Amino acid sequence: MSVDVNEDISESTGTGRPDFDVVVVGAGMAGLYLLYRLRHLGLSAVALEAADDVGGTWYWNRYPGARCDIQSIDYSYSFDPELESEWEWSEKYATQPEILRYLQFVADKHDLRRDIRFSTRVGAAKWDDASSMWRVRTDAGAEVTCRHYVMATGCLSMPKGPEIRGAERFAGPVYFTSRWPHDGVDFTGLRVGVIGTGSSGIQSIPIIASQASELTVFQRTPNFSMPAGNGPIPEQKLAAIAADPEAYRREARLSGAGVPMPKPTVGALQVSEAERLEAFERVWRQGELLAVNSEFNDLSIRREANDTFAEFIRNKIRSTVHDRETAETLCPTDHPVGSKRPCLDTNYYETFNLPHVRLVDLRKDPISTITETGIDTSNESFEFDVIVYATGFDAMTGALVAVDIEGRDGVTLKDKWAAGPRTYLGLTTVGFPNFFMVTGPGSPSVLSNMVVSIEQHVDWITDCVSDLRDRGYTTIEPTETAEAGWVQHVNDCADITLFPSANSWYMGANVPGKPRVFLPYVGGVGPYRITCDRVVDEGYLGFRLAGDAGTQCHDGVVNRLQPDVAMLLQTLAELGLPPLESLPVPEARAFNEAISAQRPPGPEVGDVADGTLPGAEGELNYRIYRPATPGPHPIVVYFHGGGWVLGSHVSDEPLCRDLCVRSGALIVSVDYRHGPETRFPAAANDAIAAVYWVAANAESLGGAPGGLAVAGWSAGGNLAAVACQQARWAGEPEIVGQLLIAPATDGASEWPSMAENAEGYALTASLMDWFWNNYADPADRSDAKASPLRAESLAGLPRAAIFTCEFDPLRDEGDAYAAALVAAGVDVEHVQCRGHIHTSLHAVDVIISGAPLRARMAAAIQGFFRSPNAT
Ligand SMILES: Cc1cc2nc3c(=O)[nH]c(=O)nc-3n(C[C@H](O)[C@H](O)[C@H](O)COP(=O)(O)OP(=O)(O)OC[C@H]3O[C@@H](n4cnc5c(N)ncnc54)[C@H](O)[C@@H]3O)c2cc1C
């Protein structure tokens, strides 16, 4: 099938026009669909493919046992409804030969081969700025030019070398799972060594064991694997698709991982142990990688929840593998389940019960060298007839940087990505105009059913190219701002999960010297698709277009909210809750309490006690949260949020618990009188009275001598700031620090953030207005007791830690207070919380991305109690 490349593609037209609208590299699943789509859009295209046939992954990976591990019926194209009825999968998880036949069938059905040049490896590609085209060179020296250049080179197509000393010395046959001989390998009667226990190792080991006379498996890191339960396609699945094929595919496209799955509403730790184990058993029997995430919603974000599933799998391994030591060696303990690619297997663990199969733990007994006749570990010499390497891939970036791709100003992709890949949407990268990647780093790719991701990328790229053509634009390139924003967003998403805690190929950790960067996008294929579509709908947000039609650049960042904040806001929007300000005050309070009752409770503290204290005019309730450590402890007097209208001394319980545990301080959460029943300055006066009382009774409450700190969120932040000012003017009590979380500091001005963030971010401008109206008359709002920013002087106030949130109507007044304190010579730690909303920092165990910020609050509290000169 090899074609003379020189004859076919080196004929540059010499007209200044490129040879093709689009050159595609790769003829796997992505390359095939690209050709199909480009042709239907009337764009000229050629695909250059190193192999001598189509198939990509399924062309190269012919090792025994190779199968998909997303159900075949899901792991299928959806672009051609006819194809769906023409092709019938024989099994739940199809074998490599069947998937390859499927891709060949697609290529033939749509006559795609005529636009593919096989046995053609692309070695270099260079952007020619003068003519706005790419010059693509093959290893054989042929050149082809194109307007747009698409790398459809696959995430898992660049095999990783063995990187073991002496690898070249072995005299017998050596096989790589990713480059398996086309006519197969017969291991009958042979002594075989297999290195690697990732997905390919786990799939091939049982079959190699069934033929070999002796099999030794060298394992560096054990992986979590579950039984595939292969067999006929489950009836339920067939029925779901038959009922409404289009709806089924649509659901897949909008799902988290590209397969329709129920969305769980509970966490693994929110149910009893019996219920949890029953759910895990269901998952185990179901034999579907993604099933576990349909049972519980916290396995990929909460370590303790994940541990329960990890232990369940370890117990399965222990009950399957007879030899105790071997079983323990097979039990993964160094990473959460799912943080490395989990596997599906057929009799993998059972294989280690066979008398001729042995497991070597390379962490205890590492390979020292490969010899002419086998493998030497530090403790033993092994003789083999054959060695099999199942050592995986230089994933996601390997095939991209293997081509010498040179963009604008001579910068190569490899150099640009030396510290890790930077992309916009995983589709494009700054400095490389008209260059696209299918399932590139920064897109859901390997964390999804890849057919769904491939189709989405191909649709986006081809729609974009034809749109540019139709509108008279020749080039498209992302902006620095958009790319930096996307890289940040990809990291923000990863950071709230357990993924970065594992040394996985998702992190580049399997390739020596590769930067440790989380490569795929964990935000989910549905949200990702919506984001990509929004970019187009907003006039190619973050892209610069140029051509005969002129230039266009709508610069900006597409997803600026923290990912969990965005999810929370979406959930709130779906609930369609009434605006609080539309309710009478008692109903608003009852509603607020009902919502609060459903929150996670916050962490365990040493002790919780309730009491009353004298307020400015009558008793006030308080609740004390004591650390579990022996006292006395530093004391923080805390004021709750709720706009001086809602809430009580217990309404910020999760936050108080969290601050107590993290800081080791005793938190006294104090109530105060609320509007509209008792208006300004009642709440402020109560706050001041409470601070006096706690200071006077510090010792009996279990507090350490030497002053106290105050803290508060929202309206409580306002009261904490007011209490500090009043204490300073009165000369007592001694306040060593003030922690102000998204505080209201100025009710008398119109700050831009009040308009900018007026709606859509939980606290609205109209709710804030309602709060102020219930609390203080307009004439009173200039009083420093209502608006601490309006105080005549802020000099001499205690140290402050001020946390303001980017998408909070109160952001600017909080920022202004921090700036004013600094100007007055106060020691201020001002933390501007990127991508957060007013309620983010308060939502303990709901907004995971708020946790590091609360850790900073706790550190600030600890800092308040250190002497200013201490380091
Ligand atoms: C063993 C294995 C099992 C998998 N199972 C699943 C699964 O169950 N579900 C799932 O969603 N995903 C699975 N994957 C991921 C799989 O790679 C994708 O699902 C999909 O097949 C990728 O298609 P692609 O066209 O993007 O890339 P590939 O299939 O990798 O094709 C890329 C092609 O580009 C060619 N190429 C690369 N560089 C060059 C160059 N410089 N010049 C010319 N040609 C080049 C390669 O030869 C290759 O043919 C699996 C991967 C492996 C390795």
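Everything numeric in this text was worked out from a predicted model, so none of it was measured. Scope of the values below: all heavy atoms of this structure, side chains included, with no hydrogens, waters or symmetry mates. By convention here, the first residue in the shown sequence is residue 1.
- Between Phe432 and Phe435, the ring-plane angle classifies as tilted under the 30° and 60° cut-offs.
- In terms of modelled atom types and a separation under 3.5 Å, the side chain of Tyr528 and the main chain of Leu425 share a donor-acceptor contact.
- The structure places CZ of Arg544 at 13.0 Å from OH of Tyr473, a figure rounded to the nearest 0.5 Å.
- Of the possible donor and acceptor atoms, none in the side chain of Asp845 sits under 3.5 Å from a partner among the backbone N and O of Pro600.
- Across Pro788 and Gln725, no two heavy atoms sit closer than the pair O-NE2, 2.9 Å.
- The CG atom of Leu797 sits 6.0 Å away from atom CD of Gln738, with the distance rounded to the nearest 0.5 Å.
- Salt bridge Arg422/Glu480: absent, no basic N to carboxylate O contact under 4.0 Å.
- Between atom OG of residue Ser714 and atom CZ of residue Phe639 there is a gap of 14.0 Å, rounded to the nearest 0.5 Å.
- Under a 4.0 Å N-O distance rule, the pair Arg599/Glu653 does not qualify as a salt bridge.
- Put simply, the side chain of Asp658 never gets that close to the backbone of Pro654: no donor and acceptor are under 3.5 Å apart.
- A donor-acceptor distance shorter than 3.5 angstrom exists from the side chain of Ser669 to the backbone of His649, with no hydrogens or angles considered.
- Checked by atom type and distance alone, the side chain of Gln552 never pairs as donor or acceptor with a backbone atom of Leu545 at under 3.5 Å.
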Test log, rule salt bridge (Lys or Arg N to Asp or Glu O under 4.0 Å), inputs Glu829 and Arg799: CA-CA 8 Å; Glu829 181 185 1; Arg799 286 192 229 192; over 6 Å; no
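- Ion pairing between Asp467 and Arg471 holds under the 4.0 Å rule for side-chain N and carboxylate O.
- Contact of the Ser255 side chain with the Val525 side chain is registered, since non-hydrogen atoms from C-beta on lie closer than 4.5 Å.
- Between His838 and Phe807 the shortest side-chain heavy-atom distance does not fall below 4.5 Å.
- Nearest heavy-atom pair, Ala744 versus Met768, reported as atom, atom and distance to 0.1 Å: CB-CE, 4.2 Å.
- Using a 4.5 Å heavy-atom threshold, the side chains of Ile837 and Leu569 count as touching.
- For the pair Met857 and Leu659, the minimum side-chain heavy-atom distance is below 4.5 Å.
- Residues Asp555 and Thr479 share a closest heavy-atom pair of OD1-OG1, 2.6 Å.
- Side-chain contact check for Arg790 versus Asp746: some heavy-atom pair is nearer than 4.5 Å.
- Judged by distance alone, with hydrogens and angles left aside, the side-chain atoms of Lys785 form no donor-acceptor pair with the main-chain N or O of Gln726 at under 3.5 Å.
- Side-chain atoms of Ser787 do not come within 3.5 Å of backbone N or O of Leu789 as any donor-acceptor pair.
- Ion pairing between a basic and an acidic side chain is recognised when a charged N comes within 4.0 Å of a carboxylate O; Asp492 and Arg834 show such pairing.
- Closest approach of Thr551 to Ala546, counting heavy atoms only: CG2-CB, 3.8 Å.
- For the atom pair Cys805 SG and His836 NE2, the distance stands at 7.0 Å (nearest 0.5 Å).
- Without hydrogens or angle criteria, Gln562 side chain to Ser849 main chain gives no donor-acceptor distance under 3.5 Å.
- Taking CG from Asp780 and CH2 from Trp772, the interatomic distance works out to 10.0 Å, rounded to the nearest 0.5 Å.
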The test is side chain to side chain contact (heavy atoms under 4.5 Å, CB included); show your working for Leu427 and Ile461 and say whether it passes. CA-CA 8 Å; Leu427 280 161; Ile461 294 166; 3.7 Å; yes
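- Other residues, nucleotides and ligands contribute over 12 non-hydrogen atoms within 6.0 Å of the CD atom of Glu574.
- Residues His489 and Trp486 bring their aromatic ring centres within 6.0 Å.
- Taken from CG in Leu447 to OG in Ser300, the straight-line distance is 10.0 Å, to the nearest 0.5 Å.
- Looking only at distances, a side-chain donor or acceptor of Asp686 sits under 3.5 Å from a matching main-chain atom of Ala616.
- For His674 and Trp644, the ring centers sit 6.0 Å or farther from each other.
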Determine, step by step, whether Asp298 and Ile301 satisfy the side chain to side chain contact (heavy atoms under 4.5 Å, CB included) criterion, reporting the C-alpha distance in whole Å, the side-chain angles of both residues, the deciding distance to 0.1 Å, and the verdict. CA-CA 5 Å; Asp298 56 354; Ile301 52 173; 4.1 Å; yes
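- The number of heavy-atom neighbours closer than 6.0 Å to CD of Glu792, taken from other residues, nucleotides and ligands shown, is 12 or below.
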Stepwise salt bridge (Lys or Arg N to Asp or Glu O under 4.0 Å) check, Glu756 with Arg560: CA-CA 14 Å; Glu756 235 174 74; Arg560 293 170 59 201; over 6 Å; no
Using side chain to side chain contact (heavy atoms under 4.5 Å, CB included), reason through Leu577 and Ile595 one step at a time and then give a plain yes or no. CA-CA 11 Å; Leu577 304 174; Ile595 297 272; 4.2 Å; yes
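- The side-chain heavy atoms of Pro733 and Tyr692, taken from C-beta on, include a pair separated by under 4.5 Å.
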Test log, rule side chain to side chain contact (heavy atoms under 4.5 Å, CB included), inputs Val645 and Trp770: CA-CA 9 Å; Val645 178; Trp770 185 76; 4.2 Å; yes
Show your working on side-chain hydrogen bond (donor to acceptor under 3.5 Å, both in side chains) between Ser648 and Asp671 and close with a plain yes or no. CA-CA 5 Å; Ser648 72; Asp671 205 3; 5.2 Å; no
Tell me, with the steps shown, if Thr429 and Thr423 meet side-chain hydrogen bond (donor to acceptor under 3.5 Å, both in side chains). CA-CA 5 Å; Thr429 186; Thr423 71; over 6 Å; no
Set out, in order, the CA-CA distance, both residues' side-chain angles and the distance that settles side-chain hydrogen bond (donor to acceptor under 3.5 Å, both in side chains) for Glu581 and Ser766, then state yes or no. CA-CA 7 Å; Glu581 64 273 27; Ser766 72; 2.4 Å; yes
Assess the residue pair His842 and Asp652 against the criterion (side-chain hydrogen bond (donor to acceptor under 3.5 Å, both in side chains)); give the C-alpha distance rounded to whole Å, side-chain angles, the decisive distance to 0.1 Å, and a yes or no. CA-CA 8 Å; His842 178 259; Asp652 290 3; 2.9 Å; yes
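- Taking both residues in full, the closest heavy atoms of Glu806 and Asn757 are given as O-ND2, 3.2 Å, listed atom of the first, atom of the second, then distance.
- In this structure, the side chain of Asn773 engages the main chain of Asp769 through a donor-acceptor pair within 3.5 Å.
- Two rings, from His640 and Tyr638, have their centers 6.0 Å or more apart.
- With contacts defined as side-chain heavy-atom distances shorter than 4.5 Å, the pair His554/Glu538 qualifies.
- Between Cys724 and Ile735, the closest heavy-atom pair is SG-CG2, 3.8 Å.
- Side-chain contact between Phe543 and Cys553 is absent, with no heavy-atom pair separated by less than 4.5 Å.
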